[in-house]
Enquirer: 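Below is a structure I'd like to ask you about.
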Amino acid sequence: MEAFQLLSRGGARFNKQRFKSDVQIFNKAAPPKDVKGKGVLTQLPPELDFFKYAKAPSGKRKAEDKESDVHAEGKQEKVERKRRKIEEESADSDDNHIGIEEEAPTMQKHRVTAKGSDVPKPIASFEDLRERYNVPPRLLSNLSENSYKHPTGIQAHGIPILLEHRDLAAISPTGTGKTLAYLTPIISALGSPISSMKNDGGRGVRAVILAPTRELAHQIHNECLKLAAGRKWRTVLFSKATASTLSDKNVRDKVDIIISTPLRLVVSIQEGNLELNNVQHLVLDEADRMLDPEFLSQVQEVVAACTHPNIQKAVFSATLPAGSEKLAMGILRNPIRIIVGLKDTPLPLIAQTLTYVADDASKLPSLLTYLSQPYNPPLLVFTSTQPRTTSLAEELIMNGIPNVDCLHAGMTKKQRDDAVSRMRRGESWVMVTTEVMARGMDFKGIREVINYDFPTSVQSYVHRIGRTGRAGREGKAVTYFTDEDGPFLKAIANVLLQSGSSVPEWILKLPKPSKMKRRQMGKVKRANTVNAARKIGRNDAIKKRDMIAGSKRRKEKELRETDKNNGVGEGDRSAK
DNA sequence: AAAAAAC
């Protein structure tokens, strides 16, 4: 009982603080001053109560059902029903499922659902970690010195799970502190840097974190350095340069944590320049991306190389489609699944709009008009390809837009690093980019995102606009759509609805495009790509690459099928 | 459904 009171007090304090400092609109809405006990958030005006989606099912639904903001009532109800269904599914309790009901107040505040056996209770503050798990004081002081005062939902729930050495699938919205949620327990569990160990040292790297882009790996490494400050931790951002340094076994065995993109790691393993047999913590950040067909075999190779019997594995993302979740669950052992908020859904803090621009030629004038009015720099502009990123940046510069920058993976490492640095220093006002920046990147200042080209999936949309609205701040996201984007418009419109933004009625009335039509659209687009490729004389190269990729994908699919039939685990397969 | 990303 005492513990429970402590938890609810801590939770209440956290929420009050967080909302007061970060969400201006909270003050305007005059929150209840008395935050003692339960239900601060249940008293929020419905448009602010974005935790409601993940609350344990209760009789309180009705009051929350009334949302004023949406034009199409019928659609709204449908979405609501879907929402409720998802909740019921995730809250499906079995005997092992510890007290969602008993812990309801805390759970509600953190809007979290947990599934799995013997789920550890969440922490109320980082200080709890000292008593409960003997987390080193140095680590705790590093947290508070970097202004991490109160755990977010994913941190409160995820850190204890990882500290109890359980496998974890964690789904938490963009900008809610996932990186810290896995770095803190890893550094705590490692105890002491290898270099300072007398007996146990020299057996090789003990933790590996995989991320889909270099930029993200870099950012994770920076966070890691903050937490590692004051002790002789060796944390390595894996790259060509560091890989060659680590080809010396004596150097390599003194490394504590490696942060890397998958292929880089695979290459080193294959060259015999790296062993992962002492890895006890493996994290896949942006897990659904990492389990995409193009990354999957690489990731599986890394997983297979981690042969330590006691390895703990965790996957983190804001989005985890069913297919990816299955793959993830195949990699994890007796995992706990934590969902904060609703998966595949942006934060309602981000005000989203869809803007019709007729055709591609109308996009540039629209953007120029947008930029001629006051906006909050830095602005992030997403396009669909590298060439389009470059040419749009050039157009903007020619039109006199100041401080335009661009970043895509076709640029050199130095160019990429410089662009990120300019962004971090606040020197870029308009950053034009590709999917490379869509996931994980945390630029605190970004208030506005523009999808210049329509995103190619719901996941892409959620992650792109998730570059704003971070750590409780408000954000704004504008998405251009043309006639060609028609077939995919409705899916995105539903995402807007689910996260509390309004959508013009006519969009919701769009018929669901038939499979035939979608296939046709796909063909048209593919033909365009081929034509474009022919123009720049790379047709053959692209064809060849696509053929290779295609056959690889098919092969992987076949393997998946046969494995399923033979009951072979994920790890076994890639070893073949 | 498709481009970009990983070296």
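Every chain is numbered from 1 and lettered A, B, ... according to where its sequence line falls, protein lines coming before strand lines.
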Enquirer: How is P262(A) classified with respect to the nucleic acid when contacts are heavy atoms under 4.0 Å: base, sugar-phosphate, or nothing?
Expert: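 Here P262(A) touches no strand at all.
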Enquirer: Of all the choices, dA6(B), dA3(B), dA2(B), which nucleotide is nearest to the side chain of A409(A) once you look at every atom?
Expert: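 Shortest atom-to-atom distance from the side chain points to dA6(B).
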Enquirer: So R467(A) and D442(A), salt bridge (charged side-chain N to carboxylate O under 4.0 Å, His left out) or not? Walk me through it.
Expert: CA-CA 6 Å; R467(A) 295 319 96 213; D442(A) 187 46; over 6 Å; no
Enquirer: Provide, to the nearest angstrom, the distance between the CG atom belonging to L284(A) and the C1' atom belonging to dA6(B).
Expert: 14 Å
Enquirer: According to a strict under-4.0 Å criterion, is R464(A) in side-chain N/O contact with OP1 or OP2 of dA4(B)?
Expert: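 Checking R464(A) against dA4(B): no side-chain N or O falls below 4.0 Å of OP1 or OP2.
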Enquirer: Flag the pair D360(A) and R388(A) as a salt bridge only when some basic side-chain nitrogen lies within less than 4.0 angstrom of an acidic carboxylate oxygen.
Expert: yes
Enquirer: Would you kindly give the CD1-to-C1' distance between I492(A) and dA2(B), to the nearest whole Å?
Expert: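 Checked: the CD1 to C1' distance equals 13 Å.
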Enquirer: Output the rounded distance in Å from CG (D288(A)) to P (dA5(B)).
Expert: 17 Å
Enquirer: Give the rounded distance in Å between these two atoms: CG of L407(A) and C1' of dA4(B).
Expert: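 L407(A) atom CG is separated from dA4(B) atom C1' by 12 Å.
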Enquirer: Less than 3.5 Å apart, any donor N or O on the side chain of T152(A) or T176(A) sitting next to an acceptor on the other?
Expert: no
Enquirer: With a 3.5 Å cut-off and heavy atoms only, can you find an N or O donor on one side and an acceptor on the other between the side chain of R289(A) and the base of dA5(B)?
Expert: yes
Enquirer: Check this for me: does the side-chain of R439(A) come within 3.5 Å of the base of dA5(B) through a donor and an acceptor?
Expert: no
Enquirer: Rounded to the nearest Å, what distance is computed from the CZ atom of residue F295(A) to the P atom of nucleotide dA6(B)?
Expert: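 Spelled out: CZ on F295(A) to P on dA6(B) is 7 Å.
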Enquirer: Suppose we call a contact any N or O donor and acceptor under 3.5 Å apart; does that hold for the side chain of E286(A) and the base of dA5(B)?
Expert: no
Enquirer: To the side chain of T434(A), which of dC7(B), dA4(B), dA6(B) is closest?
Expert: dA4(B)
Enquirer: Does the side chain of S460(A) get closer than 4.0 angstrom to OP1 or OP2 of dA3(B) through an N or O atom?
Expert: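 No, S460(A) has no side-chain N/O under 4.0 Å of OP1/OP2 on dA3(B).
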Enquirer: Using atom CG of L265(A) as one end and atom C1' of dA5(B) as the other, report the distance to the nearest whole Å.
Expert: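 Rounded to the whole Å, the gap is 16 Å.
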Enquirer: Between Y182(A) and F316(A), does the ring centre distance come in under 6.0 Å?
Expert: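 When the ring centroids of Y182(A) and F316(A) are compared, they turn out to be within the sub-6.0 Å range.
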Enquirer: Let me know the distance between CG of L237(A) and P of dA6(B), rounded to the nearest Å.
Expert: 12 Å
Enquirer: Counting only side-chain N and O atoms of S384(A), is one of them less than 4.0 Å from OP1 or OP2 of dA4(B)?
Expert: no
Enquirer: Is a donor-acceptor contact shorter than 3.5 angstrom present between the side chain of E294(A) and the base of dA4(B)?
Expert: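 For E294(A), whose side chain was compared with the base of dA4(B), there is a donor-acceptor pair (under 3.5 Å).
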Enquirer: If I take atom NE2 in residue H408(A) and atom P in nucleotide dA6(B), what distance separates them, rounded to the nearest angstrom?
Expert: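 Taking atom P of dA6(B) as the reference, NE2 of H408(A) is at 12 Å.
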Enquirer: Would you call the rings of Y452(A) and Y480(A) parallel, tilted or perpendicular, where under 30° means parallel and over 60° means perpendicular?
Expert: tilted
